[in-house]
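First comes the structure, then the notes that go with it.
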Amino acid sequence: GENVEQHPSTLSVQEGDSAVIKCTYSDSASNYFPWYKQELGKRPQLIIDIRSNVGEKKDQRIAVTLNKTAKHFSLHITETQPEDSAVYFCAAGTGNQFYFGTGTSLTVIP
Amino acid sequence: DAGITQSPRYKITETGRQVTLMCHQTWSHSYMFWYRQDLGHGLRLIYYSAAADITDKGEVPDGYVVSRSKTENFPLTLESATRSQTSVYFCASRIGQLTQPQHFGDGTRLSIL
């Protein structure tokens, strides 16, 4: 099955700075790459996703890039705010299911 | 989202006991999933279902049983609970194909003593 690796496991940034989270995947057939945000004690929520036929996607302060050749994709958060503090999970998959990375705990320091 | 509900929210039980976690969705989504979340492992898929009466194994199915007699319900049963199954369990649903949004329930925190 798919193996998704995510780095770093923890990340601290000053408010207003950018944050970057990187993931790699193993299965070249994977064609869908969602990102989820999970606040403490809450459910994971989809924040952005990208399909394999697209190299980059933006939604306000959030962007995701995909390099199919290298099999890696990244989440970029610009102008970080304290409410961005959460655990972020990448995922990769094809067919019926996707597989999650192990998560990045992001802390935005006011 | 109120459309997917898990019960109970918290459960404490003992090793060897059977426990069933419930998941109910009101959207008539075709796909339903069960994940477990453990520190250092992220979210791992236990079982999923593409439709009523169709279930399939995920990454970590051992020790779990699922059924889906109705589209809206997808219970997860631990037939003989072990301490290693202490975890937070999330149910999720999706309307159809992989690229459709997948919605999660609030989770069940299960402790096995």
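Hydrogens, waters and symmetry mates play no part in the numbers below; they use all other heavy atoms, side chains included. Source: prediction; values computed, not measured.
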Exercise for review: Give the intermediate values and the outcome of side-chain contact (heavy atoms from CB on, under 4.5 Å) for residues A/Lys42 and B/Asp106.
Suggested key: CA-CA 6 Å; A/Lys42 300 288 183 65; B/Asp106 285 328; over 6 Å; no

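- Hydrophobic clustering, with ILVMFWY side chains joined whenever heavy atoms are under 4.5 angstrom apart, keeps B/Trp34 apart from B/Val88.
- Two residues are said to be in side-chain contact when any heavy atoms from C-beta on lie closer than 4.5 Å; B/His103 and A/Leu46 fail this criterion.
- A 6.0 Å sphere centred on CG of B/Leu113 holds more than 12 heavy atoms belonging to other residues, nucleotides or ligands.
- Atom CD of residue B/Gln97 and atom CG of residue A/Asn96 lie 11.0 Å apart, to the nearest 0.5 angstrom.
- For B/Ile12, the CD1 atom is loosely surrounded, since the number of other residues' heavy atoms within 6.0 Å does not exceed 12.
- When hydrophobic clusters are built by joining Ile, Leu, Val, Met, Phe, Trp and Tyr residues whose side-chain heavy atoms come closer than 4.5 Å, directly or via intermediates, B/Phe90 is not grouped with B/Leu78.
- For the pair B/Gln37/A/Phe89, a side-chain contact is recorded, criterion being any heavy-atom separation below 4.5 Å from C-beta on.
- Crowding of A/Glu83 atom CD: a count of heavy atoms from other residues, nucleotides or ligands under 6.0 Å exceeding 12.
- The choice from A/Gly93, A/Ala91, A/Pro44, A/Pro34 that makes the most heavy-atom pairs within less than 4.5 Å of chain B is A/Pro44.
- Around CZ of B/Arg17, the count of heavy atoms belonging to other residues, nucleotides or ligands within 6.0 Å does not exceed 12.
- Follow the hydrophobic side-chain contacts under 4.5 Å out from B/Tyr89 and you reach B/Val60 in the same cluster.
- For B/Arg109, no part sits under 4.5 Å from any heavy atom of chain A, backbone or side chain.
- Interface residue A/Gln38: only side-chain heavy atoms are found under 4.5 Å from chain B.
- Proximity to chain B is limited to the side chain of A/Asp49, based on heavy atoms less than 4.5 angstrom apart.
- Side-chain contact between A/Gln97 and B/Leu45: present, with at least one pair of heavy atoms (C-beta onward) separated by less than 4.5 Å.
- To the nearest 0.5 Å, the span separating CZ on A/Phe100 from OH on B/Tyr35 amounts to 4.5 Å.
- Contact tally against chain B (heavy-atom pairs below 4.5 Å) for A/Gly95, A/Ser9, A/Gly101: the top residue is A/Gly95.
- Of the atoms belonging to B/Glu59, it is side-chain heavy atoms, and not backbone ones, that fall under 4.5 Å from chain A.
- A/Ile77 and A/Ile50 fall within a single hydrophobic cluster, where Ile, Leu, Val, Met, Phe, Trp and Tyr are joined by side-chain heavy atoms under 4.5 Å apart, directly or via other members.
- Of the atoms belonging to B/Leu43, heavy atoms from both backbone and side chain fall under 4.5 Å from chain A.
- Heavy-atom distances place no part of A/Phe33 under 4.5 Å from chain B, backbone and side chain included.
- Within 6.0 Å of the CD atom in A/Glu56, the count of heavy atoms belonging to other residues, nucleotides or ligands exceeds 12.
- Between B/Gln102 atom CD and A/Gln45 atom CD the span is 13.0 Å, to the nearest 0.5 Å.
- You'll find the side chain of A/Asn31 reaches within 4.5 Å of the side chain of B/Leu98, heavy atoms only.
- Under a hydrophobic clustering in which Ile, Leu, Val, Met, Phe, Trp and Tyr are joined whenever their side-chain heavy atoms come within less than 4.5 Å, directly or via other members, A/Val13 and A/Ile62 fall into the same cluster.
- Using a 4.5 Å cut-off between heavy atoms, A/Phe98 touches chain B through backbone and side chain atoms alike.
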